[in-house]
Amino acid sequence: MLDEILNRLVALERVVDELTDALGVKTVCAKCKGDRVITHPLWSRFYDENADRWPLDRESEIRWWQDHGYKSPEDAPPEEINCDQCYGNGWVVDYSELVELVTALRQNKVGVVDTHNQSQRG
């Protein structure tokens with residue numbers, strides 16, 4: 001049963017991917033600019049706070065990370081992480097356009113015959 005549900009979800013995901021590609025509602029992620037990764041916020045803070053003292057001596061670098069809960073820079077989180085806006089895809093989908101299209105289809109505004117509702121009326 002679980003396998004069947006997972007298979008249906010995968011199939012649905014494929015349909016949504018094909019539909020969003022065909023409709024052109026995918027756009028490059030504004031946050032990562034399509035790179036799929038961003039600098040970890042703590043690393044950004046590290047660079048911002050130490051920009052005026054760069055390059056930082058090893059002792060100061062270790063002390064900064066210890067002040068932020070890590071033994072050393074090597075124990076810190078990865079410098080790059082998956083983008084939290086596009087979830088590492090490099091693109092985002094504008095679902096509002098997709099919703100508008102589906103709404104138009106359901107209201108029969110784009111020349112598609114709603115055979116389901118016609119059979120119920122007749």
Side-chain angles (χ1 to χ4, degrees):
M1 169 105 172
L2 182 58
D3 285 342
E4 182 181 333
I5 293 170
L6 290 174
N7 287 338
R8 288 182 181 199
L9 286 173
V10 168
L12 180 60
E13 185 177 27
R14 283 189 198 125
V15 168
V16 169
D17 278 348
E18 289 177 20
L19 190 55
T20 55
D21 283 343
L23 296 173
V25 294
K26 284 184 181 179
T27 58
V28 173
C29 177
K31 189 168 187 177
C32 70
K33 297 177 181 42
D35 291 336
R36 300 179 171 194
V37 293
I38 57 170
T39 302
H40 189 287
L42 194 55
W43 277 96
S44 293
R45 185 173 169 191
F46 170 77
Y47 292 128
D48 290 345
E49 290 181 12
N50 295 294
D52 61 336
R53 310 184 304 153
W54 207 258
L56 203 58
D57 63 87
R58 181 72 176 157
E59 186 178 309
S60 297
E61 185 177 5
I62 291 171
R63 188 171 39 256
W64 192 93
W65 286 104
Q66 288 174 342
D67 290 347
H68 292 83
Y70 298 92
K71 292 179 189 175
S72 69
E74 292 76 27
D75 295 323
E79 190 170 351
E80 291 185 332
I81 56 173
N82 280 345
C83 178
D84 58 355
Q85 185 170 338
C86 67
Y87 305 102
N89 291 313
W91 47 264
V92 292
V93 175
D94 182 354
Y95 286 103
S96 64
E97 291 183 34
L98 193 55
V99 169
E100 287 174 19
L101 176 65
V102 170
T103 301
L105 287 170
R106 295 184 87 196
Q107 294 173 351
N108 201 21
K109 290 184 177 178
V110 289
V112 176
V113 176
D114 187 345
T115 56
H116 178 71
N117 285 336
Q118 280 187 344
S119 62
Q120 289 179 350
R121 288 184 216 139

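Note that the coordinates shown come from a computational prediction; the quantities given were computed from them, not determined experimentally.
Rounding to the nearest 0.5 angstrom, the gap separating the CG atom in Asn7 from the CG atom in Asp3 is 6.5 Å. Once rounded to the nearest 0.5 Å, the distance linking CG of Leu12 with CD1 of Ile5 reads 13.0 Å. With rounding to the nearest 0.5 angstrom, the CD atom of Gln66 is 8.5 Å from the CZ atom of Arg63.
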Identify all side-chain donor-acceptor contacts of residues 32-46 below 3.5 Å with residues at least two apart in sequence or on another chain.
| from | atom 1 | to | atom 2 | distance (Å) |
| --- | --- | --- | --- | --- |
| Arg36 | NE | Asn89 | O | 3.4 |
| His40 | ND1 | Leu42 | N | 3.0 |
| Trp43 | NE1 | Pro77 | O | 2.7 |
| Arg45 | NE | Glu49 | OE2 | 2.7 |

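Salt bridge annotation for Glu4-Arg8: present, with a cationic side-chain nitrogen under 4.0 angstrom from a carboxylate oxygen.
A single hydrophobic cluster is seen to contain both Tyr47 and Trp65, as judged by linkage of ILVMFWY side chains at heavy-atom distances under 4.5 Å, directly or through other members. Under a hydrophobic clustering in which Ile, Leu, Val, Met, Phe, Trp and Tyr are joined whenever their side-chain heavy atoms come within less than 4.5 Å, directly or via other members, Trp54 and Trp64 fall into the same cluster.
In terms of heavy-atom proximity, Ile62 sits nearest to Pro73 at CG1-CD, 4.0 Å. Between Gln85 and Cys29, the shortest heavy-atom contact is CB-SG, 4.0 Å.
Remark: Asp84 engages Lys31 in a salt bridge (Lys or Arg N to Asp or Glu O under 4.0 Å) (not counting sequence neighbours).
A 4.5 Å side-chain heavy-atom check between Leu9 and Glu13 finds every atom pair outside the cut-off.
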